[in-house]
Amino acid sequence: MSFQAPKGTFDWMPPRSERVLAVRDALAAPARRAGYGYIETPAFEDTGLFSRGVGESTDIVTKEMYTFLDKGGRSITLRPEGTASVMRAVIEHGLPGGPLPVKLWYSGSYYRYEKAQKGRYRHFSQVGAEAIGIEDPAVDAELITLAVDGYASLGLTGVRLLLNSLGCAECRPAYRAALQDFLRGLDLDEPTRQRIEINPLRVLDDKRPEVQAQLSGAPLVTDHLCGACKAYHEEVRTLLTAAGVVYTDDPRLVRGLDYYTRTTFEFLHDGLGSQSAVGGGGRYDGLSEMIGGPPLPSVGWALGVDRTVLAMEAEGLFEAEPSTVDVFAVPLGEEARRVAFGLVVALRRAGLSVDMAFGGRGVKGGMKAADRSGARFALILGDRDLAAGAVQVKDLTTAEQTAVPLAEVADTLKGKLS
RNA sequence: GUGGGUGUAGCUCAGCUGGCAGAGCGCCAGGUUGUGGUCCUGGAUGUCGUGGGUUCAAGUCCCAUCACUCACCCCA
């Protein structure tokens, strides 16, 4: 009997897995510097939170959720995205005493029952940020710049930003009706015709050429925005431009979740196979009320960690794999192994990054392991050194080797490594 | 859910019109009984994805099935 990762999932293994950690940290760093606090919510929630928050008509809810009954008969769903959980937590615990907005960031795994392909799996990792409880174009612009800065800090140059406004409860219905009128006149297959009635905006997202060809004359949201939405959107654009953010207005940009209003944006990259988005987000002024909370106009984004790694690999970043440790000990013989073990523990406690050769292999094998570890220094310890109370410190880049008294090893190495 | 491609060693793959299961890399050991990277020598590792069928004989042909992969719908 053997096992493999469940269908549609994958493992990040060393050394490549280091990239995930680096990306996660880098994407979160700008938000942390901007006063966003860390929030951690459960990986699963009451199913109703997602069906009501994300939207009954979305594909996520209709066919992509991992839903099951727990032993208490409750319907539970593995989170397919992060925003609904964060909003639930904020509503549940009451608003913090401080001023609005409540600014939060988070990071974790999300789950969707998808048919896997490059850049799209049944479990994936995101870093998210949300600014809850305020309506201010500067907050929208702030979040976008934080994401832009995160990508830039990783060295990515191929990330493009698309920007749009989906309007609000005032102006969207009229646009929706106009779009439906237009779409009903097209030659489309049955699933798409159904989508016209449920969520017509998403028809604009269809990638099939025969569909896109018919959409050229479709009415655009931007032509139907109310005065308030138009002014809001203009202000977001002005602030972004002032911050030096390059973006493309895309009146066709819609997003898969029902809760989005006004500002929406997506970060695209070409290194993801047939997927294109490395991140995305927008304003969701109605979500809180949809899930039973007070009016809390909010805005946020989620950036795909795995997809960002793919994008970076496509750009040829990550040239060299980082070495795992700085120092590698090679003991020769039983007694030396005991002394070496103690030395390694002491060096680690002194703050050094240290590994050692296990399994009683010979010097040659031990040195080979030292070399493969990427360590700068090897510590060689045999009977002769034990007798002298010293250890051979060998610089693996220059092959220079000197005997150092055991008591001085830590300080010597620290000096050489600083 | 739909369509294409691929399943052979840890990894990347070769294996022709059926005829002894292979290479490179990696791993282990030796050359050097206390010294890595280069070099040389040797070694270990396989239900050939799985089940069935055809055949004297199947990694190879046929059927089924599973998995992986890429793409579509959709999505970060």
Side-chain angles (χ1 to χ4, degrees), chain A residues 2-10 13 27 54 57-64 79-83 109-128 147 188-192 194-195 199 202-203 205-211 254-257 265-269 272-282 301-311 328 330-333 336 357 359 361-386 391-401 403:
Chain A
S2 66
F3 296 96
Q4 52 186 310
K7 188 177 178 65
T9 67
F10 61 95
M13 300 290 289
L27 291 180
V54 173
S57 68
T58 61
D59 272 32
I60 289 179
V61 170
T62 55
K63 61 179 196 186
E64 293 177 0
R79 59 185 179 191
E81 58 101 40
T83 303
S109 287
Y110 299 85
Y111 310 88
R112 293 184 194 174
Y113 193 86
E114 309 247 25
K115 184 118 175 208
Q117 57 183 284
K118 183 171 177 136
R120 192 186 72 178
Y121 302 95
R122 289 187 175 182
H123 109 273
F124 56 99
S125 175
Q126 291 184 332
V127 170
L188 299 166
D189 61 5
E190 190 48 33
T192 310
Q194 286 175 16
R195 199 166 296 125
N199 194 339
R202 279 167 53 247
V203 178
D205 237 2
D206 202 309
K207 275 196 288 193
R208 290 171 294 186
E210 67 271 23
V211 176
V254 298
R255 313 230 341 118
L257 283 54
F265 50 91
E266 213 160 81
F267 295 95
L268 270 47
H269 196 277
L272 310 174
S274 113
Q275 314 308 315
S276 56
V278 284
W301 47 240
L303 313 180
V305 174
D306 321 275
R307 284 192 177 180
T308 301
V309 173
L310 291 180
F328 197 100
V330 179
L332 309 174
R361 56 211 319 194
V363 218
K364 188 186 171 86
M367 287 303 292
K368 192 164 187 166
D371 186 51
R372 294 297 160 92
S373 77
R376 167 99 185 273
F377 294 100
L379 302 181
I380 300 141
L381 189 61
D383 292 339
R384 294 208 297 262
D385 309 295
L386 283 179
V391 58
Q392 303 294 325
V393 176
K394 180 168 185 175
D395 185 327
L396 291 171
T397 56
T398 63
E400 281 173 47
Q401 182 172 319

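Letters go in sequence order (proteins before strands), and every chain restarts at 1. Remember, predicted model here, so these are calculated numbers, not experimental data. Values reported hereafter were calculated over all heavy atoms of this structure, with side chains retained and with hydrogens, waters and symmetry mates removed.
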Rounding to the closest angstrom, what is the interatomic distance between [N] and [M] at atom [atom1]?
{"N": "B:rA23", "M": "B:rG42", "atom1": "P", "value": "12 Å"}
{"N": "B:rU17", "M": "B:rU60", "atom1": "P", "value": "13 Å"}
{"N": "B:rA71", "M": "B:rG36", "atom1": "P", "value": "46 Å"}
{"N": "B:rG18", "M": "B:rC63", "atom1": "P", "value": "16 Å"}
{"N": "B:rU38", "M": "B:rU45", "atom1": "C1'", "value": "26 Å"}
{"N": "B:rA21", "M": "B:rA14", "atom1": "C1'", "value": "12 Å"}
{"N": "B:rU50", "M": "B:rA58", "atom1": "C1'", "value": "16 Å"}
{"N": "B:rA57", "M": "B:rG5", "atom1": "C1'", "value": "30 Å"}

request  = Output the single nucleotide from B:rC72, B:rC74, B:rA67 whose closest atom is nearest the side chain of A:Arg202.
outcome  = B:rC74

query = For the side chain of A:Arg112, counting heavy atoms from C-beta on, which of B:rG3, B:rA76, B:rA67 is nearest?
reply = B:rA76

remark   = Scanning both residues in full, the closest heavy-atom pair of A:Val393 with A:Phe377 reads CG1-CD2, 4.0 Å

request  = Looking only at non-hydrogen atoms, find the nearest pair between A:Phe328 and A:Ala369 and report the distance.
outcome  = CZ-CB, 3.7 Å

Tell me what [X] touches on the nucleic acid: a base, only sugar-phosphate, or nothing, going by heavy atoms under 4.0 Å.
{"X": "A:Tyr121", "value": "base"}
{"X": "A:Ala277", "value": "sugar-phosphate"}
{"X": "A:Lys7", "value": "sugar-phosphate"}

message = A:Leu272 and side chain to side chain contact (heavy atoms under 4.5 Å, CB included): which single residue from A:Asp306, A:Val278, A:Thr308 fits?
response = A:Val278

ask   = Is A:Arg122 positioned over the aromatic face of A:Tyr113, cation under 6.0 angstrom from the ring centre and no more than 45 degrees off axis?
value = yes

ask   = For RNA chain B, what string of dots and brackets results from 5' to 3' when Watson-Crick and G-U pairs need both distances under 3.5 Å, crossing pairs get [ ], and pairs with another strand get |?
value = (((((((..((((.....[..)))).(((((.......))))).....(((((..]....))))))))))))....

query = Short question: side chain of A:Glu114, backbone of A:Ala116 - any donor-acceptor pair under 3.5 Å?
reply = no

Main-chain N/O of A:Ala277 paired to A:Arg307 side chain as donor or acceptor, under 3.5 Å = yes

key: Centroid distance under 5.5 Å and plane angle under 30°, A:Tyr110 vs B:rA76   = no

query = Under 4.5 Å between any side-chain heavy atoms of A:Arg120 and A:Gln117, yes or no?
reply = yes

task = Look at the side-chain N and O atoms of A:Gln117 and state whether any lies under 4.0 Å from the OP1 or OP2 oxygen of B:rA71.
result = yes

task = Would you kindly say whether A:Gln401 and A:Asp395 are connected by a side-chain donor-acceptor distance under 3.5 Å?
result = no

task = Take A:Tyr121 and A:Phe10, measure what ring pair (Phe, Tyr, Trp, His ring centres under 6.0 Å) needs, and give me the verdict at the end.
result = CA-CA 8 Å; A:Tyr121 302 95; A:Phe10 61 95; 4.7 Å; yes

query = What is the distance, rounded to the nearest whole Å, between atom OH of A:Tyr111 and atom P of B:rA76?
reply = 18 Å

Worked verdict on A:Leu303 versus A:Gln126 for side chain to side chain contact (heavy atoms under 4.5 Å, CB included) = CA-CA 5 Å; A:Leu303 313 180; A:Gln126 291 184 332; over 6 Å; no

task = Summarise protein proximity over nucleotides 26-44 of chain B in one line of letters, 5' to 3': B for base, S for sugar-phosphate only, - for none, counting protein heavy atoms closer than 4.0 Å.
result = SSSS-B--BBBB-------

